[in-house]
Amino acid sequence: MTPDRPRSPAPGAGGPDRADRADRAVRPDRADRARRPRRVDRIAHAVRTARHDQVARSSVYLMAATVSTAALGFLFWVAAARLFSPSQVGTATSLTNAISLIAYFSLCGLNSTLVRFPAAPERRHAQINRAVLLVFGAGCLLGTGYLLGLPLYGTRLLAVRADPVQAGLIVLFCALSAVNLLTDAVFVGERLAQYNTLVDGVLQGLAKLGLPFLLTGLGSFGLVASIGGGYAVAVLASLWFLRRRIGLRPTVLGGGTRLREHLGFSAGSYLSSLLNLVPLLVLPLLVLQRLGTEAAAYYFVAFQIANLANAVPFAVCESMFAEISADESRLVPVLRRSARLIVLLQLPAAVVLAAGSGLLLRLFGGSYPARAQGLLVVLAVGTGAVALNTVGSFALKLVRRMAPLVWSNVVYAVVTVGLAAAWAGHGLIWFGYAWGLGNLASGLIAVLALARTPLPAPAATPPPAQAGLRTEHLPMRVLVVNAYVRENAGDAALLAVCLRQVRAAFPEAVITVAGMEDPEVHPAFDGAANIGSIRRYVADAGIGTARRIARKAMGLLALPLVLSLPSRAPGRLLRTLLPTEVWREVEAVEGADLVVSMGGGYFNARPGLDGYQNVFYVALPLLLAHRRGVPVVFAPQSFGPFPAPVQRRLAAYVLRRAALVLTREDVSTDILARCGVHGGPVRRAVDSGFAFAPPSRGDWRARLGVGPEVPLVGVTARQWLAAAEQERYERALAQTIDAVRATGAQVVLIPQVTTDYLGDDDRIVDRRIAGHCATPPLRVDERVDFRELKGLYGECAYVLGTRFHSVIFALTSGVPCIAIEYEHKTRGIMRDLGLESWVLPIAEVSAASLGALVERLRLGREEYLRVLAERLPGYVARAEELPELLRAATDRRPERVAA
């Protein structure tokens, strides 16, 4: 998505945006709205609250990013303490601490500017790219300056500067770390803060967590390279996500970026940030120079653990800054709420940290518990001062009191560094006292400055009529799941009929499709938005085997856990860590008023792992719908077989909770009964393909070069059997084609399915069959629209059909068929029509058996047509019952409580 088009697709044109999802989360169901109109005012208030809380939800993501980053960093240093000596860890911590602080120095205040003053949509790309280039350049410059100045403050690190490769990498790591911080700000400004959690809290953390095991041979620089590798992964992932979500383009030309216009704001923010970071840079160097490398390791480990608690005020205040920047009138209530939240979270965290300091340090082994516990206790107590300083600094920044902000940070830097330098000789614990007192002094000055600053009064909330809120009934939302691809003509026809019948049942409904088509390639089907699906994501044929296996493993292991969580903040936060296509379907299911599982023959299983996977991924969105109280209807389809007891139990669990289950033949009804699903929601119906009647398109005889006097026979085939049996089947078809052509008829091989997915392309089979023929028959070798393909069957005298929807296409065109059965749906439906004697199992196909049926059909064509004329009209009429059944199923559904 790019700024040139809406970031959140409109209904009917793409996935629902987050505000829409919030609206729907508090929306009662349609029947409830109709029964209780007095709830309109409460609904409107909830909608308004949800919209205002859009930025508050971003705050949750920012907090999760900070906490998860700190937690994975904690694990990283635990691993480092086990793999490297204290001396190596001490050297590495000095370098990595410098790199991260240089990154903050390199931001030049642009991170705040991008959030507070975004450029117009048409100039947003240039604004972001210019900021990235400026920050990258500043990172390189400051990184180089840091290395050049090592003789003054880091003589123990000169060996790194002497190695050109290591020196160059450190400069690059400084720049990459700075760019990563800037892209974090871009995500906040674009209301995509969940990507901060994903990129920083997951991808970067996991990357650097795994690298030390590979780089132990590099000594202390192995740790530095591990963290630098994490920065590289984070930057690449951030740029990729920005390209995917906002369409970031590589442009820097033109005006209107607002960077120069708000230079004063950037400069003030930058100066205060520089002063704030001075103690973080100087204290580790003082420890290293005055107490040695081992003391530096103890200091760094204790400080990293304390940051698990300090993450709370920083995350809450970053969230507060984003929320108030979006609506300055809410400064006072949000400031108060944030302060209360920090107290509620920070105090228990500090107590737990102090009480459990010894236990935590034992994870690092060695002498860490004895040498670092006192410092950790002092730092834990000092987290209260850190919280006060953090809240005060952010509040001053929000009210644009830049002078007091700068002075408070001057006091913070001077007091902290001055006391640390004066008390360094007394031992490591005194650095903790200096840190706490410096934060306390700075926080008190910020609070005094705020007390003298007039704060804006909260804006009055307008009544619903003044706020312009919609109080009319919202349209029904219907999600169609388990759709296949349009290159499968039969399934495409089923989807087209399903969408038409849903619209007939609910004319104003907003319909979305979650299917096997890539939404980037096919964003819609017949006017319904396509959002992709979990099934498509885990089985994407366009990616490598290793990635596909990883995706399936993620689905089987992670999705049940994540989707079982409540839909409130924690659950929604964890679900946003899922891939975009996955959570799109999750959100669509939860926001729907009705879920329709499309007709077809997919709810089944074969022996082996693939069978379990198929049942699991077919059932997954339906399980989620049941859990959220969304009614589910199974459009007419086949069920089974289910060879394993676990498969049968899962199928039964899903089907028993459905509002309606429509089986398209008696065999499926019997299979469900054996699974324990009978009566209740189960009802016999008719395959929706019998309701597919598009207008005729094109002159197929002219395209094929067949005159009107020549009988045309259609043949469909598919890949189904093991190699030897498949060749026997194809050769039997070839011999039958030769025999048919000997009677003066022309034969055309028709590809009913032409998808690349799983290699299920009938044209491949058709070419092999044509190669077995004495003279190659006609072939349709291109992809043809499924509506247009329907017309070809109507030109035939009769059809030999393996693909069963090719049989349905022909029968509804008044054309006799011989059906080659590969699944029970074929015999079941042909039995309904009184045509079971024209079914031949695929394992029994031979030139003799098939030839005998062809000869019988040639001689008994009129009798076949008579039976078809008697049975077909009523069967087609039953295929049009779905709209009424949908209305009845949704009218009976229980009330759904909004999550």
Asks: Of all residues at least two apart in sequence or in a different chain, which pass the side chain to side chain donor-acceptor pair (under 3.5 Å) check with Asp760?
Replies: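 Expected list: Arg803.
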Asks: Does any part of the side chain of Arg503, heavy atoms only, come nearer than 4.5 Å to the side chain of Leu499, both counted from C-beta?
Replies: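 Yes, their side chains come closer than 4.5 Å.
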Asks: What's the spacing between Leu882 CG and Leu662 CG if we round to 0.5 Å?
Replies: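 One gets 6.5 Å once the value is rounded to the nearest 0.5 Å.
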Asks: Check Pro631 against Leu594 and note the closest heavy-atom contact, atom names and distance.
Replies: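 In this case the closest contact between Pro631 and Leu594 is O-CD1, 3.5 Å.
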Asks: How close do Gly515 and Asn530 get, counting heavy atoms only, and between which atoms?
Replies: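 For Gly515 versus Asn530, the nearest heavy atoms are N-OD1, 3.9 Å.
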Asks: Between atom CZ of Arg656 and atom CG of Leu672, what is the distance when rounded to the nearest 0.5 Å?
Replies: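 Atom-to-atom, Arg656:CZ and Leu672:CG are 10.5 Å apart.
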Asks: Name all residues meeting the side-chain contact (heavy atoms from CB on, under 4.5 Å) criterion together with Pro681; count only those two or more places apart in sequence or in a different chain, and write none if there are none.
Replies: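 Pro681 satisfies side-chain contact (heavy atoms from CB on, under 4.5 Å) with Val661 once adjacent residues are dropped.
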Asks: To the nearest 0.5 Å, tell me how far Gln647 CD sits from Phe616 CZ.
Replies: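 The CD atom of Gln647 sits 13.5 Å away from the CZ atom of Phe616.
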Asks: Any side-chain heavy atom of Thr663 sitting closer than 4.5 Å to one from Arg683?
Replies: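 Of all side-chain heavy-atom pairs linking Arg683 with Thr663, none is under 4.5 Å.
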Asks: Take Val481 and Met598 through the test side chain to side chain contact (heavy atoms under 4.5 Å, CB included) and record every step on the way to the result.
Replies: CA-CA 6 Å; Val481 299; Met598 204 191 85; over 6 Å; no
Asks: With sequence neighbours left out, what residues match Arg500 under salt bridge (charged side-chain N to carboxylate O under 4.0 Å, His left out)?
Replies: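 Only Glu880 meet the salt bridge (charged side-chain N to carboxylate O under 4.0 Å, His left out) criterion with Arg500.
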Asks: Distance from Ser238 atom OG to Asn180 atom CG, nearest 0.5 Å?
Replies: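 Reported to 0.5 Å precision, the distance equals 5.0 Å.
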Asks: Please enumerate all residues that pass side-chain contact (heavy atoms from CB on, under 4.5 Å) together with Leu75, with sequence neighbours excluded.
Replies: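 Listed in chain order: Leu72, Leu209.
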Asks: Does the pair Leu622 and Leu655 meet the rule for a side chain to side chain contact (heavy atoms under 4.5 Å, CB included), with working shown?
Replies: CA-CA 9 Å; Leu622 310 173; Leu655 293 165; over 6 Å; no
Asks: Mind listing the closest non-hydrogen atom pair of Phe525 and Ala492 along with its distance?
Replies: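 Heavy atoms of Phe525 and Ala492 come nearest at CZ-O, 3.7 Å.
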Asks: With sequence neighbours excluded, what pairs up with Arg664 under the salt bridge (charged side-chain N to carboxylate O under 4.0 Å, His left out) test?
Replies: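 Result, salt bridge (charged side-chain N to carboxylate O under 4.0 Å, His left out) vs Arg664: Asp687.
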Asks: Is there a donor-acceptor pair under 3.5 Å between the side chain of Glu585 and the backbone N or O of Ile534?
Replies: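 Here the side-chain-to-backbone pair exists.
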Asks: Only counting residues at least two apart or in another chain, list the ones meeting side-chain contact (heavy atoms from CB on, under 4.5 Å) with Ala625.
Replies: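 Result, side-chain contact (heavy atoms from CB on, under 4.5 Å) vs Ala625: Val589, Val595, Val630, Val632.
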Asks: State which residues pass ring-ring contact (aromatic ring centres under 6.0 Å, His included) with Phe241; sequence neighbours excluded, sorted by chain then number.
Replies: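 Checked Phe241 against ring-ring contact (aromatic ring centres under 6.0 Å, His included); matches are Tyr195.
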Asks: For a quick test of reading the model, state the closest non-hydrogen atom pair linking Gln501 to Ala691 and the distance between them.
Replies: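 Heavy atoms of Gln501 and Ala691 come nearest at NE2-CB, 4.1 Å.
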Asks: Would you confirm whether Thr183, through its side chain, and Val186, through its main-chain N or O, come within 3.5 Å as a donor-acceptor pair?
Replies: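 Side chain of Thr183 to backbone of Val186: no pair is present.
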Asks: Are the side chains of Val596 and Cys498 in touch, meaning some heavy atoms are under 4.5 Å apart?
Replies: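 Yes, their side chains come closer than 4.5 Å.
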Asks: What's the shortest heavy-atom distance between Asp593 and Pro475, and which atoms?
Replies: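 In terms of heavy atoms, the two residues are closest at OD2-O, 4.1 Å.
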Asks: Pair Asn129, Leu248 - check side chain to side chain contact (heavy atoms under 4.5 Å, CB included), show working.
Replies: CA-CA 9 Å; Asn129 288 325; Leu248 183 64; 4.0 Å; yes
Asks: Enter the distance from Ile128:CD1 to Leu182:CG here, rounded to the nearest 0.5 Å.
Replies: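 Here the interatomic distance stands at 8.5 Å.
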Asks: Are Pro519 and Arg584 side-chain neighbours, meaning at least one heavy-atom pair lies under 4.5 Å?
Replies: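 Yes; the side chains approach each other to less than 4.5 Å.
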Asks: Who pairs with Ala509 by side-chain contact (heavy atoms from CB on, under 4.5 Å), at least two apart in sequence or on another chain?
Replies: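 With neighbours one apart ignored, the set is Met476, Val478, Phe506, Ile511.
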Asks: Of the non-hydrogen atoms in Leu494 and Gly599, which two are nearest, and what is the gap between them?
Replies: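 Answer, listing the atom of Leu494 first, then Gly599: CD1-O, 3.5 Å.
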Asks: About how many Å separate OH of Tyr484 and CZ of Arg536, when rounded to the nearest 0.5 Å?
Replies: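 Here the rounded value is 12.5 Å.
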Asks: Report the residues that fulfil ring-ring contact (aromatic ring centres under 6.0 Å, His included) with Phe642, sequence neighbours left out, ordered by chain and then residue number.
Replies: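 If we apply the ring-ring contact (aromatic ring centres under 6.0 Å, His included) test to Phe642, skipping adjacent residues, the hits are Phe603.
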Asks: Check side chain to side chain donor-acceptor pair (under 3.5 Å) between Tyr602 and all other residues, then give those that pass, not counting sequence neighbours.
Replies: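 Once residues adjacent in sequence are excluded, the partners of Tyr602 under the side chain to side chain donor-acceptor pair (under 3.5 Å) criterion are Ser597, Gln637.
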Asks: Whether the side chain of His626 engages the backbone of Val654 through a donor-acceptor N/O pair (distance < 3.5 Å, no angle test) should be reported.
Replies: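 Yes, because the side chain of His626 sits within donor-acceptor range (under 3.5 Å) of the backbone of Val654.
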Asks: Tell me, do Leu886 and Leu660 make a side-chain contact under 4.5 Å, heavy atoms counted?
Replies: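 Contact flag for Leu886/Leu660 side chains = no.
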Asks: Determine which pairs satisfy salt bridge (Lys or Arg N to Asp or Glu O under 4.0 Å) with at least one residue from residues 482-492, sequence neighbours left out, and list them in order.
Replies: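 Those involving residues 482-492 are Arg486-Glu517.
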Asks: May I have the step-by-step check of side chain to side chain contact (heavy atoms under 4.5 Å, CB included) for Phe187 and Asn196, ending in yes or no?
Replies: CA-CA 7 Å; Phe187 283 129; Asn196 290 346; 3.3 Å; yes
